[in-house]
Amino acid sequence: MLNIGVLVSGRGSNLQAIIDGIEKGRIDARIKLVISDNPDAFAIERCKNHNIPYRIVERRNFPSKVAFEEEMANLLREENVELVVLAGFMRILSKSFLRHFPDRVINIHPSLIPAFQGLHAQRQAVEFGAKFSGCTVHIVDESVDGGPVIVQAVVPLLPEDTEESLSERILKFEHRVLPQTVQWFAEGRVKVEGRKVLVEGAKYGTLPVNPELEKF
Ligand code: GRF
């Protein structure tokens with residue numbers, strides 16, 4: 001059974017997907033602690049509803065970013081957390097936090113990185129006129145949404161798409177790839193070598209094209 005910690009800042013729908021996966025017996029992990037940096041995050045309600053321990057750790061209560069991150073790392077380590085999942089956590093973590101959990105901090109980002117990193121990834125994709133976007137689960141390093149990729153899900157962009165409609169389409173896949181990734185870690189199948197991540201025993205090789213090809 002893998003001990004996980006989840007960091008959140010808002011709605012917490014990805015946290016919910018992990019909770020559901022655990023409750024349905026599809027994820028062999030337990031959530032030892034949820035940390036929110038936002039006292040008003042709806043994610044906290046989800047913790048209360050499912051009896052999951054949570055702590056609110058606000059940046060403004062600490063003299064420095066390092067002190068804030070040390071507090072979070074200590075809380076997670078006290079709970080013997082082995083994997084830290086960023087699920088809509090809106091802050092960039094520095095080396096001082098990451099060194100406590102080498103290659104064991106993951107994040108979900110709503111684009112196919114390295115495209116559309118940073119904030120409003122779905123809006124960026126719509127405005128760019130991309131024909132595909134999607135979501136990525138990656139190992140967190142000190143870059144912003146740039147660490148080694150574990151899994152990506154591709155969704156098409158339609159001519160009539162708005163930021164909202166695309167976000168919704170991507171979110172459905174976020175709620176699949178993130179729990180799946182946690183389970184891959186629980187099974188000990190994720191191997192990280194530099195930038196390359198291999199999920200042992202996984203099937204690779206799907207090819208999407210958009211618009212669909214006709215004569216070719
Ligand atoms: C998701 O779109 C995630 O990819 C991004 O922030 C959003 C969080 O949503 N990092 P939620 O709080 O999990 O509902």
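We use all heavy atoms of the structure for the numbers below, so side chains are in, but hydrogens, waters and symmetry mates are not. When a ligand or atom number is given, it counts from 1 through the structure's own listing order.
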message: What I want to find out is whether Glu45 reaches Lys48 closely enough, with some N-O distance under 4.0 Å, to be called a salt bridge.
response: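 So Glu45 pairs with Lys48 through a salt bridge.
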
- prompt: Purely on distance, is any nitrogen or oxygen of Glu174 under 3.5 Å from one on ligand 1?
  reply: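 Yes.
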
message: Between ligand 1 and Leu171, is the shortest N or O to N or O distance under 3.5 Å?
response: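 No, there is no polar N/O contact under 3.5 Å.
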
- prompt: Where is the nearest protein heavy atom to atom 11 (P) of ligand 1: which residue, which atom, and how far?
  reply: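 Protein heavy atom at minimum distance: Ser13 N, 3.4 Å.
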
field: Protein contact to atom 10 (N) of ligand 1 [nearest heavy atom, distance to 0.1 Å]
entry: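 Of every protein heavy atom, Ile108 O, 3.0 Å lies nearest to atom 10 (N) of ligand 1.
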
- prompt: Can you tell which of Cys135, Gly88, Ser167 gets a heavy atom nearest to atom 7 (C) of ligand 1?
  reply: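 Nearest option to atom 7 (C) of ligand 1, by heavy atoms: Gly88.
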
- request: Nearest heavy atom to atom 12 (O) of ligand 1 wins, so pick from Gly12, Ala43, Ser9.
  value: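 Answer by nearest heavy atom: Gly12.
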
message: Go through it in stages, so that I can follow the logic: the residues are Arg189 and Glu200, the test is salt bridge (Lys or Arg N to Asp or Glu O under 4.0 Å), and I'd like the CA-CA distance, side-chain angles, deciding distance and then a yes or no.
response: CA-CA 5 Å; Arg189 290 168 58 192; Glu200 285 181 340; over 6 Å; no

- prompt: Judged by atom type as modelled, is there a donor-acceptor pair below 3.5 Å linking the side chain of Gln124 to the main-chain atoms of Gln117?
  reply: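 A pair under 3.5 Å: yes.
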
- prompt: Do Ser9 and Asp37 have a side chain donor and acceptor closer than 3.5 Å?
  reply: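 Side chains of Ser9 and Asp37: pair found under 3.5 Å.
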
task: Using the six-membered ring of Phe68, assess whether NZ or CZ of Arg91 lies under 6.0 Å from its centre and within 45 degrees of the ring axis.
output: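 The answer is yes, since Arg91 meets both limits relative to Phe68.
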
- prompt: What are the atoms of ligand 1, with element, lying closer than 4.0 Å to any heavy atom of Arg11?
  reply: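 Heavy-atom distances to Arg11 below 4.0 Å select 9 (O), 11 (P), 12 (O), 14 (O).
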
field: Partner of Leu178 under side-chain contact (heavy atoms from CB on, under 4.5 Å), chosen from Ile18, Asn107, Val151
entry: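 Between Leu178 and the candidates, side-chain contact (heavy atoms from CB on, under 4.5 Å) is satisfied uniquely by Ile18.
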
